[in-house]
Structures are given as C-alpha cells and as structure tokens.
Amino acid sequence: MQERQAFANWITAMPKAELHVHIDGTLTASRLLDRAAKHGVDLPYGSVEDVTKAYDFDNLQSFLDLYYLGTGVIRDEEDFYLLMLDYLTTCREQHITHTEIMVEPQSYLPKGVSLATMMSGFKQAVDEAQAGWGQSVLLILSLLRHLPEEDGIDVLELAHSSFPGSFVAIGLASSEVGHPPVGFTELYARARSLGYRTTAHAGEEGPASFVADSLDLLGVERIDHGIRSAEDPALVVRLAREQIPLTVCPLSNVKLKVFERLEDHNLLEALDAGVKVTVNSDDPTYFGGFLNENFIALHEHLLLDGKRAARLTRNAFEASFLPAKAKADKLAELDRYLTDHPSP
Ligand code: ADE
Ligand code: ZN
C-alpha cells in the first residue's frame with residue numbers, strides 16, 4: 001500500500017477529539033440549498049458547484065460574510081437538528097469520538113429565532129448520536145466579538161438561566177482585528193463566576209499580544225488558533241511552560257490566508273517547542289475538510305509523522321473540557337489503538 005494511503009487509513013481509524021468547530025461552519029452546500037428552498041430564501045447560488053465556487057476567501061471577514069449568510073437559512077427546530085446531525089454523523093465516520101462544538105446564538109436571536117428552538121433541535125441530534133453510537137459531545141457558548149460586550153453578557157445570562165448545564169464553556173469568535181480582548185473582561189469574569197470553562201479566539205488575524213491579553217485579562221484556559229504567538233518568542237516559552245492548549249486549524253489558516261501555503265504553517269514548530277498544540281477543522285465545509293482531511297493534508301504538505309500525529313491527538317483529549325474520568329477513558333482508548341496499530 002502507498003505510504004500516503006497507509007497514513008490516511010491509520011489516522012482515520014484513530015479515535016480523535018475535536019475542540020474547535022463552529023456548528024454553523026459545518027453547514028454543507030447541499031443542506032444550505034435544501035433549507036433555502038424549504039424557507040423560500042433567495043440565494044445567489046443555484047447549485048452545489050455555485051456554492052463551493054464562493055469558498056474563495058481573501059481574509060477572515062470575506063469568509064464571515066458568507067458564513068453569516070448561511071445562518072439565514074437555518075430557522076426552525078428541524079433545521080438545527082439536521083445541521084447538528086449532519087456534523088455528528090461525520091464525526092462517527094471520521095472516528096471523532098469526542099467533540100466540543102461552538103454554538104453562536106447571536107447569529108439567530110436578532111432574526112427572531114429563539115434559543116429554545118436552537119437548543120431543542122441540537123439536543124435531539126446530540127441525544128440520538130449519544131444513544132446511537134456513544135458520541136461524546138460538549139457545547140461551547142461562543143459569543144461574537146463584533147457585537148457589544150453587554151450583548152454577550154445578556155446571551156450568557158439567558159443560556160445560563162434557560163439551559164443550565166447545557167454549555168460547558170464560553171468562547172469568543174468573529175472579527176478579531178478591532179475587537180481586542182480588553183473589551184470582554186466583564187463577560188469572562190461573569191462566566192468564570194458562574195462556573196464556565198473558558199476559551200477565546202486569539203492570534204488568528206490579531207497580534208500575539210491578543211493571546212497574552214486573553215490569558216491575562218480574560219483568564220482563558222485555552223486559545224483558539226494562537227498561531228501568531230510565534231511572533232513573540234517569550235510568549236511561546238510561556239505557552240509551553242504553562243501548557244496552554246492551542247486549538248489550531250491548519251486548512252482554515254490557509255483558506256483565510258493567514259499562511260499562504262500549508263508548507264509555511266508553524267504548528268509543528270510550536271509542538272516541538274513543547275506547546276500543547278491540537279488539530280481542528282474550524283469551519284470544515286467552508287475550508288475544504290473535516291478533521292481527518294486536516295491531518296492528511298499536514299502529512300502531505302508538512303511531513304507530519306505518526307509520532308507527532310499521535311501527540312496531537314493525545315493533546316486534544318488532554319486539553320478537552322471533559323471531566324477527569326471521561327478524559328482518562330478516552331486517553332486509555334487512544335492508547336489501546338496506538339498499541340494495536342503502530343503508526344505506519
Ligand atoms: N467564526 C467562525 N470561524 C471563525 C474563525 N476562523 N475566526 C473567527 N471567528 C470565526
Ligand atoms: Zn474558529
């Protein structure tokens with residue numbers, strides 16, 4: 001068997017965790033079209049080919065414009081159910097045994113879609129996947145940084161009072177430049193006081209100082225992306241020393257032109273410097289691949305070997321927000337896989 005195929009088979013069958021995926025970024029082109037037809041929404045695309053041609057982005061903002069357009073066709077409980085079930089079905093196919101999914105109510109509430117509608121659809125899909133194939137799922141309440149902090153606090157209070165226990169953590173996403181961490185200190189203080197775990201996008205398009213500020217001002221436990229930390233060598237040393245996980249999204253970074261080519265990506269240097277790097281898909285249907293495709297692309301373009309791939313997967317389970325016992329079980333399952341299937 002070709003070496004490339006052997007690696008692809010090995011990484012595909014490995015039990016893996018995904019820590020950075022936006023549910024709205026898993027909307028497939030065909031689901032976008034079928035929901036638009038259902039609701040009579042006029043889209044500037046007539047076919048799956050037309051939609052995928054639009055996946056050609058100059059930067060984060062040009063992607064976000066299309067991403068928020070996609071949320072316009074997801075309106076009722078069945079839509080949210082199918083959106084979640086499509087992604088969880090892919091998790092099953094890709095052996096993503098644990099996933100932590102970002103849910104963004106602020107994309108829906110202003111259009112008159114209630115949190116109850118969203119959560120009811122999502123819950124049905126999550127329950128089905130848990131009962132059907134033992135899928136492990138945690139939800140992250142992801143707040144949008146282009147909106148005022150008070151809006152984020154209102155959504156946190158709403159989620160906390162109406163759906164206690166449904167979200168394990170809060171996150172911060174959307175346009176990074178112009179919306180620094182310093183604007184969200186009260187939101188994070190409130191979330192921490194309510195017992196939520198914390199993560200935030202930082203150092204994707206924004207500077208390394210946004211990573212440090214997310215740690216120091218927001219008190220986050222994990223950083224989403226964080227690849228621009230490399231611009232501050234002392235920060236990289238700190239990330240390694242404090243074992244702060246980075247949820248890195250390689251195909252996303254190339255699609256959004258953070259790196260011109262995957263060959264230029266710095267995640268293996270960070271991994272080798274001792275940083276707790278993980279691999280994730282971010283918005284897989286928009287960026288050309290789910291988790292396995294990210295790993296396979298790293299193998300092909302960055303010469304990712306089996307030893308590092310196993311390290312990245314172990315990091316993801318370790319950096320998850322799972323309770324200790326569930327985490328230990330997932331790590332033991334990974335160890336059994338690696339013993340039975342040494343890397344090719
Ligand atoms: N929302 C969805 N994907 C995102 C990304 N890559 N960066 C910031 N916000 C996002
Ligand atoms: Zn993201």
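As the structure lists them, so they are numbered: ligands from 1, and atoms in each ligand from 1.
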Protein residue, atom and distance nearest to [atom], heavy-atom basis:
atom	result
atom 3 (N) of ligand 1	D283 OD2, 2.7 Å
atom 9 (N) of ligand 1	S174 N, 2.8 Å
atom 1 (N) of ligand 1	H22 CE1, 3.4 Å

Worksheet item: Considering the options L33, L32, T28, which one meets the side chain to side chain contact (heavy atoms under 4.5 Å, CB included) requirement together with V48?
Response: L33

Item to complete: For K111, look at atom NZ and say whether over 12 heavy atoms of other residues, nucleotides or ligands are found less than 6.0 Å away.
Response: yes

Worksheet item: Should the heavy atoms of other residues, nucleotides or ligands under 6.0 Å from CD of E260 be counted, would the total exceed 12?
Response: no

Enumerate the atoms of ligand 1 whose separation from the nearest heavy atom of [X] is less than 4.0 angstrom.
X	result
F63	2 (C), 3 (N)
D282	3 (N), 5 (C), 6 (N)
H225	6 (N)
L64	1 (N), 10 (C)

Item to complete: Kindly compute the distance separating OH (Y286) from CG (L66), expressed to the nearest 0.5 Å.
Response: 5.0 Å

Worksheet item: With E318, which of R222, K276, K330 fulfils salt bridge (charged side-chain N to carboxylate O under 4.0 Å, His left out)?
Response: K276

Discussion item. Heavy-atom contact check, 4.0 Å cutoff: does E176 meet ligand 1?
Written reply: no

Ionic contact status for [Y] with [X], cut-off 4.0 Å:
X	Y	value
K38	D76	yes
K257	E205	no
D79	R75	no

Response to the item:
Protein-derived N, O or S atoms lying less than 2.8 Å from the Zn ion (ligand 2), waters not counted, sum to 4

Discussion item. Check whether F210 forms a cation-pi arrangement with R228 (NZ or CZ under 6.0 Å from the six-membered ring centre, at most 45° off the ring normal).
Written reply: no

Worksheet item: If hydrogens are left out, which of E104, E204, M102 has an atom nearest to atom 5 (C) of ligand 1, that is, the closest non-hydrogen atom?
Response: E204

Worksheet item: Going by the angle between their ring planes, with limits at 30° and 60°, are F57 and F287 parallel, tilted or perpendicular?
Response: perpendicular

